[in-house]
Amino acid sequence: MRHSPDLKHDMLKSIIIILDLLDEIGRTPPAGVELVPTLTKTMARSVVLSSNSSLLPREAHEAREETPRASGGGAPEQADERVGGDTGEEEEEPMEVEDGEDSDVDEDDNEMSMDEMSGEAPIVNTVSPAAPSPKPVAPKPFEYGPGMMCEDGNGKKILPIGDYMLLIARVVETMMTQSPSQRFTDEFIQSGGMQKIMKLCHLPCITNESTHSTYITTIANIVKHIVDFCHVIDSKIFFHFCDIFNQGEEIGLSEYGTQGKTGEFPLIWLRDTSPDPKTYTISPAMTARNLKMKEFDVEQKSKKIWIDEQSDSLKVEWECGLLSSFPSKWLQIRNPSDQEARKRRRKVYLFPEDTWGNEEIEKRLKRFSYEEFMNNDRVMHDFLEAVCIDGIAVLKGAEKGKKGAVEAIGKRIGMIKRTHFGTVFEVSLKADASNMAYASNSELPFHTDFPSLSHPPQLQMLHMLRSAEEGGNSLFVDGFHVAEQLRKENPKVFRILTTHSMEYIEEGYDVHDIDGKTIRFDYDMCARHKVIRLNDEGVVNKIQFGNAMRSWFYDCEPSKVQDVYRAMKTFTDHCYQPRNMLKFRLEDGDTVLWANQRLLHTRDAFKNAPGESRTLTGCYFDWDIVKSRVRHLRDKLSLEQNQPSA
Ligand SMILES: C[N+](C)(C)CCCC(=O)O
Ligand SMILES: O=C(O)CCC(=O)C(=O)O
């Protein structure tokens, strides 16, 4: 057989006929015949594969000829690759195979030698040790349909359909795994063999406890093999498979696709996420779960699970009577055990994937037209996405000197974050300055804004209304990049900056407009932050530092203070290294938006033209607002990165 592809091809044709036949008989049993899921229920004992490859009850065969039994055989390394050996489930009436130790799949009980299949050693045994010995059954000539019957001890006509199913599945499994062949696998798929095998599970006479577990394990091995050998697999097959597994506690492990992905759908998760109106309210203004955890039965089970071929969806009927329908596409996108799907899902948070130094950002700093940003959703998306990923992007060419650009951009993004400096602030030389940026035309130190706040603004935007005659360039550095450099190049400094909290104080007042009225707002801000903050996984996720507001207080032993200063100094030196810094000039009408808890920024000294005053306007944003706009645009524009909300 191994070297006889045509024989395999012919055998496949017979298998397909038999599968169809089983389905037909299973749906319309011959009159007077009881279909039983397994011989263990009926005391009929086993099934043989006769030398002409036809199916007969074992008793009939035994009565005709004495046939020696064959041992399982097979290549152990293939058995090792099998799935589903331990289902973790107790079976009340195990359907035993070969010598019947237990029903779990292991290398002995699940394999049939090629000899067995070719008919030389034809017995596949399905004997229950608990079953009393059957009376011999008189030999019957082979015929399809009723000829596949046998009689139980009381002369009742039964058709052990569960055993036939198992036998044929095992034949397929063995043919596939014992001498793997691309042709056989492809032909099997193309002839709908997989669907046919799975469809049998849905026969009304087939019960979960009696037949499924062993049958499923066999199917699992077939599917696993297909994954290795087939280039394309129909999603319907995959979900058929899930469906079967789902008869237990959860939709179990299956494999599909060529990348060997797994699909594991916990049953309770299916109940919880069921896209039906009882579970969810999905209206234009709201997507929200109706289920309340207080009342939610997290131990509930399904009553029935099946595949609806027409709608290509998995249907689940729950104990409470609710019917859930999961289109296969729905399942594919959300597949909790698909690493790719999980990776794709993590992108929804729009976290930066890498950091930049001067060389990288000079190449990739994204600049967009202000007009296009205002009028083209795709441009707005790309601009905001760049801010999420690179931490900075620029809008060029708003009307020079025209006030209101910050407000207009803010409105388009959604919502400006108001601070104790008002909604929109102006950076220019001011008497009684409330901030160093307003106090002189000198260079400022690299800083993040407002470390004095326990929740400093996450993004900052500046728009150039009137640039300086000389200087006043904008400088940025990726604090995440500097942090990573220090982690590598100066671990001691990295440790101090990630463990010691700096305190910041901001005491004073600012005067700003609220609804056309000039308001003086007095404040006394105080907060503390580590210069470099790591998340639970040790990934740098915030930078906060500003020398102007740094306080006098060091919450550590005095002997440690010197090292803290050294660490701040080293950090600052790195910020100013040419390999790290980005420098550009905002022309009148240009706007820059950046991540204030990632990038440090500053300006260099400037000289005003006579009678002019360098002036910028600016505001702050929260990530939530910016990222929500990005996701909203992905949905609105049907961009490929769009992800469903429920
Ligand atoms: C930009 N501005 C002046 C409104 C605030 C600066 C915040 C800071 O110096 O930390
Ligand atoms: O004047 C500038 O260009 C920047 C001002 C600044 O750094 C700030 O306001 O935080």
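When a ligand or atom number is given, it counts from 1 through the structure's own listing order. Every value quoted in this text rests on a predicted model; they were computed, and no experiment measured them.
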May I ask you to check if Arg334 and Trp330 form a cation-pi contact, with NZ or CZ under 6.0 angstrom from the six-membered ring centre and within 45° of the axis? yes

Can you confirm if the NZ or CZ of Lys417 lies within 45° of the ring axis of Phe621 and under 6.0 Å from the centre of its six-membered ring? no

Show the distances, to 0.1 Å, for all pairs joining an N/O atom of ligand 1 and a protein N/O atom that are shorter than 3.5 Å, listing one pair per line.
from, atom 1, to, atom 2, distance (Å)
ligand 1, 9 (O), Asn435, ND2, 2.9
ligand 1, 10 (O), Phe450, N, 2.8

Does the cation-pi check pass for Arg550 over Tyr504, that is, NZ or CZ under 6.0 Å from the six-membered ring centre and within 45° of its axis? no

Tell me if the centroids of the rings in Phe373 and Phe383 come within less than 6.0 Å of each other. yes

Passes side chain to side chain contact (heavy atoms under 4.5 Å, CB included), Trp356 versus His481? Steps please. CA-CA 6 Å; Trp356 49 259; His481 192 69; 5.5 Å; no

Flag the pair Tyr565 / Tyr554 as yes when their ring centroid distance falls below 6.0 Å, and as no otherwise. yes

I want to know whether Tyr509 and Tyr523 have ring centres closer than 6.0 Å. no

Evaluate side chain to side chain contact (heavy atoms under 4.5 Å, CB included) for Met380 paired with Leu633, printing each intermediate quantity in order. CA-CA 8 Å; Met380 168 154 63; Leu633 289 169; 3.5 Å; yes

Do the ring centers of Tyr620 and Phe450 come within less than 6.0 Å of each other? yes

Could you pull out every protein residue that has a heavy atom closer than 4.0 Å to ligand 2, ordered by chain and then number? Val427, Ala437, Leu444, His447, Asp449, Gln460, Leu462, His601, Arg603, Arg614, Leu616

